[in-house]
2 protein chains.
Amino acid sequence: MARSDIEGVRREALIQAAIGAIEVEGSLDVTMAAIARRASVSPALAHHYFGGKDDLMIAAMRHLLKEFRAGVTARLRAAETPRQRVGAIVAGCFAPGQFTAETIAAWLVFYLNARRSPEAARLLAVYFRRLESNLVAALSPLTGRGAARDIAAAAGAMIDGVWLRQALTPKHAPDAAAAIGAVERFVDAEIARCA
Amino acid sequence: MARSDIEGVRREALIQAAIGAIEVEGSLDVTMAAIARRASVSPALAHHYFGGKDDLMIAAMRHLLKEFRAGVTARLRAAETPRQRVGAIVAGCFAPGQFTAETIAAWLVFYLNARRSPEAARLLAVYFRRLESNLVAALSPLTGRGAARDIAAAAGAMIDGVWLRQALTPKHAPDAAAAIGAVERFVDAEIARCA
DNA sequence: CTTCATTGATTGACTGATCAATCAATGAAG
DNA sequence: CTTCATTGATTGATCAGTCAATCAATGAAG
């Protein structure tokens, strides 16, 4: 492997290890040693590349955010009608990579962390704003701008709620189809109310 | 103060202090020293009454659960029609004591903790089961048992989602009326679908 | 093709701080 | 005098972060 690639590989491995450790532990209270062990490097190396634990956590969060956004935008590009665009966003929220108990637990951890870390709060705010403005844009042609805002807020809450419940019932495998169905039914009902 | 009351007073104070500390910190990673300081006692006393940190956390969680349940059952007793019973449950979820950013943060912390603590998971499971069965019982006369189950699950998810969003936007004070309105609109629409 | 200096990767050992938990001692109420 | 509440001091463990020292790859000079 070319030497210039090593840094990228290590950073990636450490970020994945951090997310994995957070998922398993259900808390940001994971040791650098545990993360480093997962990435098969020494704890010192994690500090070498990320400076400190906080920076690694922010990097891990940014990674999750980026993955999520990529899934949504890919689905949005394939959509043609406004209603399909709404469906694309909903489906993106329950994509196989996103809708697992472990990933959701990691999201929750980051949510809570945002209460303490301004940087984490800023990242999450950007994510929420993008998701909501995507939804509003997709809904506006169907319901008008004002109603679109209300529906987007409610649908967003419902999506988060389904996520949350899923994270807490590790007995059942996440049922993405049922989740999407519930949210879509809600959206359809709300659109009908505006027609 | 009678000597026999002291223990109860201290336990109560320590539980409240624990919840307060968790709310502020947004994590179970609060020190016994910080909790004890909030309760104006020494750290050693907290251990004396609760045995260990885990036990104190479980006690705090149990306390939150009990408060929540008391609010819902009080509202349920005042309801007369099935639809009113549904409304009572929804309103109970957004009661002033429950629907604050700090309390919600504490709930989230306990949620995540349930991934690690079997006792916490058991307590949460009881809470979920009760809430859902209350909802199903209230909805069944209106929609039939099968549909009631589906609607209860979706409404529960929506309630949790509204909670979650609220915990993450500490800028806005929680708007209980809007939250109740959104959930009730959803429930009404779902009931209408079954009529 | 060698040699060797440079640079980045990597680590083990260490440190200072923090924290849960313990315990023996104190003191007040009955 | 007995019992229980209460605490200060202490301990052992854990962890983030540091540092000086190796190791390995690259490339330039001869």
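We name chains A, B, ... by the order of the sequence lines, and we start the count at 1 in each one.
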Pairs where residues 173-195 of chain B contributes a residue and the test ring pair (Phe, Tyr, Trp, His ring centres under 6.0 Å) is met, not counting sequence neighbours
A:F186-B:F186
Atom CD1 of B:I35 and atom P of C:dC19: how far apart are they, to the nearest Å?
11 Å
Rounded distance (Å) that lies between atom P of C:dA21 and atom NE2 of B:H47:
4 Å
Kindly express the pairing pattern of DNA chain D in dot-bracket notation, using | wherever a base pairs with another strand and counting only Watson-Crick or G-U pairs under 3.5 Å.
||||||||||||||||||||||||||||||
Main chain of B:A21, side chain of B:E25: is a donor-acceptor contact present, judged purely on distance under 3.5 Å?
no
Pair A:R10 + A:E7, salt bridge at N-O below 4.0 Å
no
Report yes or no: do B:V24 and B:L28 belong to one cluster of Ile/Leu/Val/Met/Phe/Trp/Tyr joined by side chain heavy-atom distances under 4.5 Å?
no
In whole angstroms, how far is the P atom of C:dA20 from the NZ atom of B:K53?
4 Å
Please confirm whether the shortest side-chain N or O distance from A:R10 to OP1 or OP2 of C:dG8 is below 4.0 Å.
no
If you look at every strand shown and take non-hydrogen atoms under 4.0 Å, does B:F50 touch a base, only sugar-phosphate, or nothing?
nothing
Which residues share a side chain to side chain contact (heavy atoms under 4.5 Å, CB included) with A:R83, sequence neighbours left out
A:T81, A:V86, A:L142, A:E184, A:V187, A:D188, A:I191
Does the side chain of A:H48 get closer than 4.0 angstrom to OP1 or OP2 of C:dA9 through an N or O atom?
yes
Kindly state whether the ring of B:Y127 and the ring of B:W107 have centres lying under 6.0 angstrom apart.
yes
Base, sugar-phosphate or nothing for B:S42? Non-hydrogen atoms, less than 4.0 Å.
base
If I take atom CE from residue A:M32 and atom CG from residue A:L14, how far apart are they, to the nearest 0.5 angstrom?
8.0 Å
Rounded to the Å, how far apart are A:L14 CG and D:dG17 P?
14 Å
Can you tell me which nucleotide in C:dA20, D:dC19, C:dC23 comes closest to the side chain of A:A44?
D:dC19
Tell me the interatomic distance from A:L28, atom CG, to D:dA16, atom P, rounded to whole angstroms.
11 Å
Counting only side-chain N and O atoms of A:Y49, is one of them less than 4.0 Å from OP1 or OP2 of C:dG8?
no
Nucleotide C:dT10, atom P - distance to CG of A:L45 in whole Å:
5 Å
Starting from P on C:dC19, measure out to CG on B:D54 and report it in whole angstrom.
16 Å
Round to a whole Å and report the spacing from CG of A:D29 to C1' of C:dA20.
13 Å
